[in-house]
Number of protein chains: 2
Amino acid sequence: MVERMARECLSVRVRLINRVVTGLYDRALRPFGMRVSQVNILVAVAHGGSARPADVCRALRLEKSTLSRDVELMKGRGWLESDPPAGGRNQVLRITPRGLELLDQMEPAWHEVQAEARRLVGEADVDALRRIADRLRLGGPD
Amino acid sequence: MVERMARECLSVRVRLINRVVTGLYDRALRPFGMRVSQVNILVAVAHGGSARPADVCRALRLEKSTLSRDVELMKGRGWLESDPPAGGRNQVLRITPRGLELLDQMEPAWHEVQAEARRLVGEADVDALRRIADRLRLGGPD
DNA sequence: ATGATTAAGTTGTATATGCGACATATGGCC
DNA sequence: GGCCATATGTCGCATATACAACTTAATCAT
């Protein structure tokens with residue numbers, strides 16, 4: 001039984017891939033003082049100009065409490081702001097000018113690490129990741 | 001720029017996939033009081049009968065300090081033991097009878113969640129995950 | 001309208017994860 | 001044998017992540 005789990009378990013593979021890729025991006029973005037988890041959130045918010053927390057949660061498949069704390073941290077660093085500022089029901093998140101500037105500054109680093117990640121993953125299988133993510137994003141509880 | 005990152009970033013996809021799949025397994029294994037991260041470690045140790053911590057780290061691409069703490073927790077629950085028991089340099093990890101028994105008990109649940117994960121990921125792309133994981137496992141710092 | 005149901009956010013708690021610093025042990029080299 | 005580089009483990013610290021319970025706001029049904 002153990003043999004089969006060791007050989008076939010999807011979770012082992014998915015989680016290993018996540019650790020390696022996350023580490024890759026985190027190291028590349030460290031000079032900017034931001035982690036990839038935070039960049040993901042920042043980009044999700046900035047994508048449409050602004051976004052409600054619940055929308056970001058659905059887009060990234062993130063638990064609301066996780067996002068709540070991440071956002072709090074990023075507000076503290078001046079990368080995000082919300083309207084209204086108090087975390088009521090109808091807040092809208094927005095990226096700050098400082099946050100946007102930082103995103104711009106990390107663009108070259110992002111290109112590099114993205115290329116490296118594609119290489120390590122294998123160009124032939126990059127598309128599979130997109131398909132899988134798209135499928136899982138739809139599959140969820142909404 | 002933000003558009004391109006939102007559309008193409010590999011890390012977003014990999015991390016989303018990880019959250020969804022990890023959540024799937026965690027919910028399925030909750031009745032057994034074990035998380036998928038712990039099952040992964042337990043299986044890695046049990047695979048060869050026993051294993052040194054550093055070997056498990058290499059196999060799963062886990063940071064040594066992460067494993068150290070996870071193992072401590074799992075020892076406390078009686079699923080793992082080490083020889084010698086004090087965490088010196090040459091310890092060897094072993095699964096306990098209780099740990100093995102628990103693995104056996106969760107076999108049906110594992111089969112179910114594995115099938116569900118394959119379905120959600122898409123059978124056509126399951127192999128891509130294996131290839132990617134294999135490539136990343138080799139690419140590392142050894 | 002209003003009461004019930006559901007959605008959205010926050011906070012408490014537990015784990016997972018990695019980095020840096022440290023202690024220690026192993027192995028080669030002279 | 002004694003030394004240095006390296007590998008192994010542990011600990012402090014910061015963050016990410018989810019679940020449960022709670023609060024509050026929106027929606028729906030009558």
Side-chain angles (χ1 to χ4, degrees), chain A residues 11 14-31 33-41 51-58 60-77 79 82 84-93 140-142, chain B residues 11-12 14-31 33-42 51-58 60-77 79 82 84-93 140-142:
Chain A
S11 76
V14 164
R15 293 169 54 76
L16 185 151
I17 294 169
N18 176 63
R19 279 191 297 269
V20 174
V21 171
T22 292
L24 206 64
Y25 279 81
D26 272 347
R27 278 189 293 279
L29 301 178
R30 183 147 349 129
M34 220 185 282
R35 294 204 184 169
V36 65
S37 47
Q38 300 169 335
V39 176
N40 284 180
I41 291 172
R52 287 170 307 162
D55 295 332
V56 176
C57 284
R58 273 186 284 271
L60 298 182
R61 279 285 174 288
L62 256 182
E63 225 283 327
K64 55 193 173 159
S65 64
T66 302
L67 182 71
S68 177
R69 283 178 244 257
D70 289 352
V71 162
E72 186 182 15
L73 217 115
M74 295 170 74
K75 277 183 180 176
R77 304 211 173 143
W79 303 331
S82 72
R89 176 70 187 270
N90 273 6
Q91 64 183 315
V92 175
L93 301 175
D142 51 334
Chain B
S11 76
V12 172
V14 164
R15 293 168 53 76
L16 185 150
I17 294 169
N18 176 62
R19 280 190 296 269
V20 173
V21 171
T22 292
L24 206 64
Y25 279 82
D26 273 346
R27 279 189 292 279
L29 301 178
R30 180 143 355 125
M34 219 185 284
R35 294 204 183 172
V36 66
S37 47
Q38 301 169 334
V39 175
N40 285 180
I41 291 171
L42 211 52
R52 288 170 306 162
D55 296 332
V56 176
C57 284
R58 273 186 283 272
L60 298 182
R61 281 282 173 289
L62 255 183
E63 225 281 328
K64 56 194 171 152
S65 62
T66 301
L67 183 71
S68 177
R69 284 177 241 256
D70 288 353
V71 162
E72 186 182 12
L73 217 115
M74 295 170 73
K75 277 183 181 177
R77 304 209 173 146
W79 303 331
S82 72
R89 176 71 186 271
N90 273 7
Q91 62 183 317
V92 175
L93 300 174
D142 51 338

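All values derive from a computational prediction rather than experimental measurement. Naming: A, B, ... by sequence-line order, numbering from 1 per chain.
Contacts of Glu72(A) with the nucleic acid, taken as non-hydrogen atoms under 4.0 Å apart, are absent.
dA16(C) atom C1' lies 9 Å from atom CG of Leu62(B), rounded to whole Å. When rounded to the nearest whole Å, the span between CZ of Arg27(A) and P of dG18(C) equals 9 Å. Counting to the nearest Å, the C1' atom of dA18(D) and the CG atom of Leu60(A) are 15 Å from each other. The nearest whole Å value for the distance from the CG atom in Asn18(A) to the P atom in dA18(D) is 11 Å. One can place CH2 of Trp79(A) at 12 Å from C1' of dT15(D), the figure rounded to the nearest angstrom. Per the geometry, CZ belonging to Arg19(A) stands 9 Å off C1' belonging to dA16(C), to the nearest Å. For the pair Lys64(A) NZ and dG9(C) P, the computed distance is 9 Å after rounding to whole Å. Note: CZ (Arg35(A)) to P (dC13(D)) measures 16 Å, nearest angstrom.
Judged by atom type and distance alone, Arg69(B) reaches the base of dG12(D) through a side-chain donor-acceptor pair under 3.5 Å. Residue-to-nucleotide contacts include a donor-acceptor pair under 3.5 Å from the side chain of Ser65(A) to the base of dC19(D).
Of all heavy-atom pairs between Asn18(B) and Val14(A), the closest is CA-CG1, 3.5 Å. In terms of heavy-atom proximity, Ser11(A) sits nearest to Val21(B) at CA-CG1, 4.2 Å.
In this structure, the nucleotide among dT17(C), dT10(D), dG9(D) sitting nearest to the side chain of Asp70(B) is dT17(C). The nucleotide whose nearest atom lies closest to any side-chain atom of Gln38(A) is, among dG20(C), dT15(D), dT17(C), dT15(D).
Between Thr66(B) and dA16(C), a side-chain N or O to OP1/OP2 separation shorter than 4.0 Å is absent. For dA25(D), the OP1/OP2 oxygens have no side-chain nitrogen or oxygen of Asn90(A) closer than 4.0 Å. An OP1 or OP2 oxygen of dA14(D) is reached within less than 4.0 angstrom by no side-chain nitrogen or oxygen of Arg77(A). The phosphate of dA7(D) has neither OP1 nor OP2 within less than 4.0 Å of any side-chain N or O from Arg58(B). For dT10(C), the OP1/OP2 oxygens have a side-chain nitrogen or oxygen of Ser68(A) closer than 4.0 Å.
The one candidate from Thr22(B), Ile17(B), Leu60(B) that meets the side chain to side chain contact (heavy atoms under 4.5 Å, CB included) condition with Arg15(A) is Thr22(B).
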Kindly indicate, with the supporting measurements, whether the criterion side chain to side chain contact (heavy atoms under 4.5 Å, CB included) is fulfilled by Arg69(A) and Ser65(A).
CA-CA 6 Å; Arg69(A) 283 178 244 257; Ser65(A) 64; 4.2 Å; yes
Quick one, Leu16(A) with Val20(A), criterion side chain to side chain contact (heavy atoms under 4.5 Å, CB included). Give me CA distance, side-chain angles, the key distance, then yes/no.
CA-CA 6 Å; Leu16(A) 185 151; Val20(A) 174; 4.1 Å; yes
Would Gln38(B) and Ile41(B) satisfy side chain to side chain contact (heavy atoms under 4.5 Å, CB included), going step by step from the backbone distance to the final call?
CA-CA 5 Å; Gln38(B) 301 169 334; Ile41(B) 291 171; 5.7 Å; no
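Between Asp26(A) and Pro53(A), it is Pro53(A) whose nearest contact on DNA chain C lies nearer the 5' terminus. Nearer to the 5' terminus of DNA chain D, by closest-nucleotide assignment, is the contact made by Asp55(B) (compared with the other of Ser37(A) and Asp55(B)). Where Glu63(A) and Arg15(A) each meet DNA chain C at their nearest nucleotide, the meeting point lying more 5' is that of Glu63(A).
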